[in-house]
Amino acid sequence: MAYDIELIRHSLAHVMAAAVKKLHPDVKFAGGPAIENGFYYDFDTEYRFSEEDFEKIEKEMRDLIKSNGRFEQRNVSLDEAKEIFAAQPYKMEWLNEYDAAGEDLSIYTFRDFVDLCRGPHVESSKDLPRDAFKIRSVAGAYWKGDAKNKMLQRIYVDAFASKEELENFLKMQEEAAARDNRKLGKDMDLFHFEPEYAPGAVFWHDKGYKMYRKLIEYVRARQEMAGYQEISTPAVMDRCLWERSGHWAKYGEHNYSGKTQDGKVFCIKPMSCPGGMLVFGHGLRSYKDLPLYMAEFGKVHRYEAAGGLSGLMRVREFTQDDAHIFCTEEQLEEEVVKILRFIKDIYGKFGFDKITMKLATRKESEFRIGSDEIWDKAEGALKHALDANGIEYEIAEGDAAFYGPKIDNYLRDSMGRVWQCGTVQLDMNLPERFDLSYVGEDGEKHRPIMLHRAMLGSIERFMGVLLESTGGNLPLWLSPEPVVVTPISQKHAEYAMEVVGALRAAGVNARADLRDEKVNYKIRELSLAKTPIIAVVGEKEMAEKNVTLRRLGVEQQESMPLADFVEMMQNDVKMPL
RNA sequence: GCCGGUUUAGCUCAGCUGGUAGAGCGGCUGAUUUGUAAUCAGUAGGUCGUUGGUUCAAGUCCGACAACCGGCACCA
């Protein structure tokens with residue numbers, strides 16, 4: 001009988017636990033769920049698993065599967081469960097919790113491995129594939145996902161229903177690795193890092209910075225079309241600003257700060273919000289000004305944990321395409337929807353059609369501010385904005401910021417990891433802390449509702465995701481160098497420069513590759529650097545005043561008059577507004 | 001920050017059980033003047049991540065630190 005893949009994965013997790021138990025009888029079991037593309041199991045043992053163990057475990061698993069062991073379920077009493085799991089402290093913790101919650105205690109037995117588990121599972125290991133799983137890695141993971149707890153050893157396994165599917169998956173993973181933003185950064189000469197001097201901070205090269213500026217210019221253009229203002233606030237301000245905003249208490253240790261010669265403590269801004277509050281708070285605001293859209297491309301610095309840094313995806317210095325929207329309570333929902341539609345439209349222009357949205361709700365913490373009533377209202381408002389407009393979303397319980405709930409937009413990188421990009425956040429804290437107000441129709445002062453909004457999120461991260469999703473094969477409007485003109489020989493160098501000149505005069509970035517190399521060589525090199533269009537010019541083109549084009553990834557060549565080419569390029573590099 | 005792995009030339013990597021470093025590409029020089037994914041030849045380039053130790057001798061063994069990679073935690 002055909003089982004659901006999740007059932008197979010979960011059952012394989014038990015098989016692996018049984019295999020590990022055979023090899024290391026002293027091991028303590030935590031838990032092992034099915035996940036996307038496979039499963040994992042968490043173990044606690046003095047023994048350190050390493051890659052050399054993978055094959056042994058896999059072989060043991062195959063032997064166990066071959067043995068046609070049955071997965072047998074039964075419910076047990078608390079006393080019986082305690083007896084069974086007496087030597088398994090993690091299982092003991094679970095069963096006590098389940099019992100306290102009034103749940104039945106269900107156990108599954110496979111060979112000599114017994115697990116506290118609700119199931120369901122396959123009937124027998126003969127229903128499991130023997131050649132469709134492969135141990136991927138071993139990594140540390142905290143018990144119950146809490147850094148205060150002990151770190152266990154987690155073994156990740158890729159698992160599918162058939163060998164073909166596994167092989168396909170592994171092949172795709174390999175191809176995905178070739179699209180890694182760090183690799184493309186090198187291949188395309190976009191940026192590099194200097195771990196010795198600035199870990200987690202990007203050194204942008206010419207082409208990378210051109211692309212970076214294009215992203216900002218695009219968002220700026222769209223914002224201006226939507227009636228946004230744009231401001232710029234100081235990069236370094238007195239610490240008291242963040243004490244006032246409340247960020248210092250929670251994030252102080254993640255800030256870059258230092259004393260001046262007169263003993264003041266200044267801080268490099270970790271976010272632009274408080275600066276924006278000061279701009280709004282400067283002078284009188286009227287209800288007629290609302291909703292007020294105030295954007296800032298702010299370069300921010302956060303001393304992120306060393307282990308969290310990752311290429312362009314997680315850095316310590318980045319630019320946020322931040323904006324704050326001040327509105328009335330009545331305007332709130334419409335503004336939220338407007339932003340979500342704005343984000344969706346812009347992401348579509350970058351080819352991102354699948355966006356995961358999550359409504360992040362409150363988490364109990366000493367830092368959370370605002371009463372339960374306000375949170376109810378805030379969460380309700382965001383939820384209603386989503387529901388009433390048929391926007392699909394998931395709920396991420398406990399993921400809210402300390403000052404309010406938010407709706408985050410996630411994109412995936414080439415390896416399938418999700419990264420938070422755009423976000424809409426309702427802030428119930430800052431307007432209060434900065435005593436913001438506007439004068440209403442009634443002549444009285446009112447507190448505005450404030451929304452944070454980032455479209456791309458971090459320019460760095462968005463570029464990382466964009467590079468990986470396109471594999472570096474960028475649309476012309478985003479390409480830092482859409483055309484390279486390549487003469488066949490030195491005799492055609494002058495004409496190549498003429499072509500370049502015509503393109504530049506039309507506002508199209510282009511350069512000539514005048515190196516004394518064969519065309520083959522230059523085509524290969526320019527292609528590896530993901531040059532979108534190579535314009536080859538030789539005897540024929542020079543005589544006829546045209547160009548022969550080779551587009552990235554397309555072998556078919558096309559020829560056209562120079563004037564037509566320039567006009568075409570001029571159109572193709574235009575931003576899709 | 002935590003667990004594991006890794007760190008050798010600009011890049012990609014090789015260096016077995018300790019006996020003071022190699023390749024390809026790239027760079028430079030020369031030849032070649034090229035028609036759609038690598039033209040040929042010559043040549044320069046490394047205190048082997050940093051630091052401490054073991055040893056007659058350390059890229060190689062041990063310790064500390066740092067960075068990077070994969071996870072976990074964190075993510076205003």
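Order of the sequence lines sets the chain letters (A, B, ...), proteins ahead of strands, with each chain counted from 1.
Ring pair A/Y403/A/H452: centre-to-centre distance below 6.0 Å. Taking the centre of each ring, A/H24 and A/F49 come in below the 6.0 Å mark. A distance of 6.0 Å or more separates the ring centres of A/F367 and A/F402. Taking the six-membered ring where the residue is Trp, the centroids of A/Y347 and A/F462 are separated by under 6.0 Å. Aromatic ring centres of A/F318 and A/H301 lie farther apart than the 6.0 Å criterion allows. Annotation: A/H192 is in aromatic contact with A/F203 [ring centroid separation under 6.0 Å].
Among the heavy atoms of the strands, none lies under 4.0 Å from A/K522. Nucleic acid contact for A/E51: none, since no nucleic acid atom lies under 4.0 Å from a heavy atom of the residue. Within the 4.0 angstrom heavy-atom criterion, no nucleotide atom of any strand lies near A/E525. Using a 4.0 Å heavy-atom distance criterion, A/K491 is classed as a sugar-phosphate-only contact. Heavy atoms of A/N255 sit under 4.0 angstrom from at least one base atom. Using a 4.0 Å heavy-atom criterion, one finds that A/L528 contacts the bases of the nucleic acid, with or without backbone contacts as well. At the heavy-atom level, A/G200 lies under 4.0 Å from the strands shown only through sugar-phosphate atoms. Residue A/T548 is in base contact, counting any heavy-atom pair closer than 4.0 Å across all strands shown. Among the heavy atoms of the strands lying under 4.0 Å from A/K406 are primed sugar atoms or P, OP1, OP2 only; no base atom is included. A/G145 comes within contact range of the sugar-phosphate backbone alone, with a heavy-atom separation under 4.0 Å but no base atom that close. Residue A/P199 is classed as a sugar-phosphate contact, given heavy-atom separations below 4.0 Å to backbone atoms only. Across all strands shown, A/V536 has heavy atoms under 4.0 Å from base atoms, whether or not it also approaches the sugar-phosphate. Looking at heavy-atom distances under 4.0 Å, A/K250 makes contact with sugar-phosphate atoms alone, never a base. If you check every strand for non-hydrogen atoms under 4.0 Å, A/F402 touches nothing.
Heavy atoms of other residues, nucleotides or ligands lying less than 6.0 angstrom from CD of A/E544 number more than 12.
If you run side chain to side chain contact (heavy atoms under 4.5 Å, CB included) between A/L474 and each of A/K530, A/E481, A/M188, only A/M188 comes through.
Judged by distance alone with a 3.5 Å cut-off, a donor-acceptor contact links the side chain of A/R314 to the base of B/rC75. Counting atom types as modelled, A/Y40 pairs no side-chain N or O with a base atom of B/rG71 as donor and acceptor under 3.5 Å. With hydrogens and angles ignored, a donor-acceptor pair under 3.5 angstrom links the side chain of A/E541 to the base of B/rG35.
The side chain of A/K269 contributes no N or O atom lying less than 4.0 Å from OP1 or OP2 of B/rA76. For A/Y521, a side-chain nitrogen or oxygen approaches OP1 or OP2 of B/rG26 to under 4.0 Å. A/R550 has a side-chain polar atom (N or O) that falls below the 4.0 Å cut-off from OP1 or OP2 of B/rA37. Residue A/R136 has no polar side-chain atom (N or O) positioned under 4.0 Å from OP1 or OP2 of B/rG70. Proximity of A/R417 to the phosphate of B/rG70: a side-chain N or O atom is located under 4.0 Å from OP1 or OP2.
Comparing A/A147 and A/D408 along RNA chain B, the residue whose closest nucleotide (by nearest heavy atom) sits nearer the 5' end is A/A147. Each of A/M415 and A/H452 was assigned the nucleotide of RNA chain B with the nearest heavy atom; the assignment lying further toward the 5' end belongs to A/M415.
Base-pairing analysis of RNA chain B finds the following stems of at least three consecutive Watson-Crick or G-U pairs, with both pairing distances under 3.5 Å: B:1-7 with B:66-72, B:10-13 with B:22-25, B:27-31 with B:39-43, B:49-53 with B:61-65.
Without hydrogens or angle criteria, A/R461 side chain to A/L456 main chain gives no donor-acceptor distance under 3.5 Å.
Here A/Y251 counts as stacked on B/rA76: its ring centre is under 5.5 angstrom from the base ring centre and the planes meet at under 30°.
Spacing of C1' atoms, B/rU8 relative to B/rC48, comes out at 4 Å, to the nearest Å. The C1' atoms of B/rC28 and B/rG10 are separated by 13 Å, rounded to the nearest whole Å. With P as the reference atom, B/rG71 and B/rC61 are 28 Å apart, rounded to whole Å.
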